[in-house]
Novice: 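Attaching a single structure in structure tokens format; questions to follow.
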2 protein chains.
Amino acid sequence: MKIGELSERSGLSRDTIRLYEKNGLIASSASKSATNNYREYGEDVLLQLQFVGSARDVGISIADLRELMKAFFDSGDPSEAEKVMVAKVAELKVRIAQIENVISFLDAAIGKVRSGLDGL
Amino acid sequence: MKIGELSERSGLSRDTIRLYEKNGLIASSASKSATNNYREYGEDVLLQLQFVGSARDVGISIADLRELMKAFFDSGDPSEAEKVMVAKVAELKVRIAQIENVISFLDAAIGKVRSGLDGL
DNA sequence: AAAAACAATAGACCATGGTCCATGGTTTGG
DNA sequence: CCAAACCATGGACCATGGTCTATTGTTTTT
């Protein structure tokens, strides 16, 4: 498919898709084919892009994502690839813990406000 | 305490602290006192700053944080304050779910790599 | 074949969140 | 008293991640 359809289906702008491609997060295939130099994407790229989108939403940087995608797709060394991904999972779990921490803080604050409401 | 000590104790740079103060995340107290115009902070600000630091780490924007801090400290309307905080907690829970989603994705990828390793 | 829709590229532009720097005033310790 | 250490301010600067624009080329559609 061409970038327009991919954009449509992934929910990412054409510009963003091109940016991601330029940064090595995805790859277009047969653009070199012939007449035009339009990017051509397979269905698989849509999946990749959905992952990338969620990951970006969650704050994973483009640089990290490049590393991850590269690990998964281009890595000659699978054990190295695994290492990268496992590390990222660990990082994300830490992040969840941090968020839970912030939530506790807020819950406490909410409790305080509520008791203030009830109390006086 | 003065900004240097607060910086020391909070782990945030002086510049960052000034930035946060300028953006209404914290407030310095008695600077208006007399001779100098040095910022003066109470112990409470250290706590606030620790919260702000964690929240920033977790990706909460300065703008959102201003709203939260304002809700908690300056709000005339406690029920409104509560609303803001509850909303943020909900948002954070969504974020956790998103991260868990990304983790699942990565776990699957790791599984794939591993089976590739084992299989061949 | 001509208009409308789509694509490419490069570069400008923007917001966010910090850091760094220059200048100048204040404190503090020796 | 005087140097070192600290503080203030404003503006420059930086990275990241995206969007927008202009220009030009390719398809499609009628």
Side-chain angles (χ1 to χ4, degrees), chain A residues 1-42 45-46 48-69 91 95 98 102, chain B residues 1-42 45-46 48-69 91 95 98 102:
Chain A
M1 78 192 89
K2 280 175 290 183
I3 199 169
E5 184 183 344
L6 186 59
S7 167
E8 192 71 23
R9 296 220 261 156
S10 68
L12 299 173
S13 78
R14 290 168 173 75
D15 277 336
T16 298
I17 293 173
R18 290 192 198 102
L19 179 68
Y20 289 171
E21 179 164 354
K22 189 167 59 167
N23 281 281
L25 270 46
I26 54 171
S28 55
S29 32
S31 61
K32 281 275 171 242
S33 59
T35 49
N36 63 27
N37 60 336
Y38 289 7
R39 291 168 176 82
E40 182 65 34
Y41 302 97
V45 176
L46 179 58
Q48 294 165 31
L49 219 40
Q50 277 157 357
F51 168 70
V52 167
S54 326
R56 289 287 313 120
D57 280 350
V58 143
I60 300 181
S61 72
I62 287 183
D64 282 10
L65 237 17
R66 174 171 45 235
E67 204 187 358
L68 281 172
M69 300 309 273
E91 206 181 306
R95 163 137 307 190
Q98 290 176 316
V102 171
Chain B
M1 79 191 88
K2 279 175 291 183
I3 200 170
E5 185 183 345
L6 186 60
S7 167
E8 192 72 23
R9 294 221 263 156
S10 67
L12 299 174
S13 78
R14 291 168 174 74
D15 277 337
T16 298
I17 293 173
R18 291 193 197 101
L19 178 68
Y20 288 171
E21 180 165 355
K22 190 167 58 166
N23 281 281
L25 270 44
I26 56 170
S28 56
S29 33
S31 61
K32 282 276 171 241
S33 59
T35 49
N36 63 27
N37 59 335
Y38 289 8
R39 290 168 176 81
E40 182 66 34
Y41 300 98
V45 176
L46 179 58
Q48 293 164 32
L49 220 40
Q50 278 157 357
F51 168 70
V52 167
S54 327
R56 289 287 311 120
D57 279 350
V58 144
I60 300 180
S61 72
I62 288 183
D64 282 9
L65 238 16
R66 174 172 44 236
E67 203 187 357
L68 280 172
M69 300 308 273
E91 206 180 307
R95 162 136 309 189
Q98 290 175 317
V102 172

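Proteins come first, then strands; the chains are lettered A, B, ... in the order of their sequence lines, and each starts at number 1. Nothing here was measured: the structure is a model prediction, and the numbers come from that model. Below, each value reflects all heavy atoms present in this structure, side chains not excepted, and no hydrogens, waters or symmetry copies.
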Novice: Which whole-number value in Å describes the distance from I3(A) CD1 to dA5(C) P?
Specialist: 19 Å
Novice: Side chains of I17(A) and R14(A), heavy atoms from C-beta outward: is any pair under 4.5 Å?
Specialist: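 No, their side chains stay 4.5 Å or more apart.
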Novice: Between atom CG in L25(B) and atom P in dT16(C), what is the gap in whole Å?
Specialist: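 So the two atoms are 14 Å apart, to the nearest Å.
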Novice: Establish, with yes or no, whether the OP1 or OP2 oxygen of dA7(C) is under 4.0 angstrom from a side-chain nitrogen or oxygen of N37(A).
Specialist: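 So the side chain of N37(A) is outside the cut-off, no N or O lying under 4.0 Å from OP1 or OP2 of dA7(C).
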Novice: Rounding to an integer number of Å, can you tell me how far E40(B) CD sits from dT26(C) P?
Specialist: 17 Å
Novice: How long is the gap from CG on L65(A) to CD on Q48(A), to the nearest 0.5 Å?
Specialist: 11.0 Å
Novice: Using 0.5 Å steps for rounding, measure from the CD atom of E91(A) to the CG atom of D64(A).
Specialist: 6.0 Å
Novice: Look at the side-chain N and O atoms of K22(B) and state whether any lies under 4.0 Å from the OP1 or OP2 oxygen of dA8(D).
Specialist: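 False: K22(B) side-chain N/O out of range (4.0 Å or more) of dA8(D) OP1/OP2.
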Novice: Return no unless some side-chain N or O of N36(A) is found under 4.0 Å from OP1 or OP2 of dT27(D).
Specialist: yes
Novice: Can you find a side chain N or O atom of R14(A) that sits less than 4.0 Å from OP1 or OP2 on dC6(C)?
Specialist: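 No.
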Novice: Would you mind reading off the distance between L19(A) atom CG and dT9(C) atom C1', rounded to a whole angstrom?
Specialist: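 Going from CG in L19(A) over to C1' in dT9(C) covers 14 Å.
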Novice: In whole angstroms, how far is the C1' atom of dA8(D) from the CD1 atom of I17(B)?
Specialist: 14 Å
Novice: Select from D15(B) and G4(B) the residue whose nearest nucleotide in DNA chain D is closer to the 5' end of that strand.
Specialist: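 Its nucleotide being nearer the 5' end, the pick is G4(B).
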Novice: To the nearest angstrom, how far is Y38(B) atom OH from dA8(D) atom P?
Specialist: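 In whole Å, dA8(D) P and Y38(B) OH are 7 Å from each other.
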Novice: Is there a donor on the side chain of Y20(A) or the base of dG18(D) sitting less than 3.5 Å from an acceptor on the other?
Specialist: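 No, no donor-acceptor pair under 3.5 Å.
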Novice: Measure the distance from CZ on R18(A) to P on dT21(D) and round it to the nearest whole Å.
Specialist: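 My rounded result for the distance is 14 Å.
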Novice: Does CD belonging to E8(A) count more than 12 external heavy atoms closer than 6.0 Å?
Specialist: no
Novice: Within the pair R56(A) and dG17(D), is there a side-chain N or O less than 4.0 Å away from OP1 or OP2?
Specialist: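 Affirmative; the distance criterion is met.
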Novice: Would you mind reading off the distance between E21(B) atom CD and dG18(C) atom C1', rounded to a whole angstrom?
Specialist: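 So the CD-C1' distance, E21(B) to dG18(C), works out to 17 Å.
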Novice: If we ignore angles and hydrogens, is there a donor and acceptor under 3.5 Å between the side chains of Y41(A) and E21(A)?
Specialist: yes
Novice: With a 4.0 Å limit, can you tell me whether S13(A) has a side-chain N or O closer than that to the phosphate oxygens OP1/OP2 of dT19(D)?
Specialist: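 For dT19(D), OP1/OP2 do have a side-chain N/O of S13(A) under 4.0 Å.
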Novice: Please determine whether a side-chain nitrogen or oxygen atom of T35(A) lies at a distance below 4.0 Å from atom OP1 or OP2 of dT27(D).
Specialist: yes
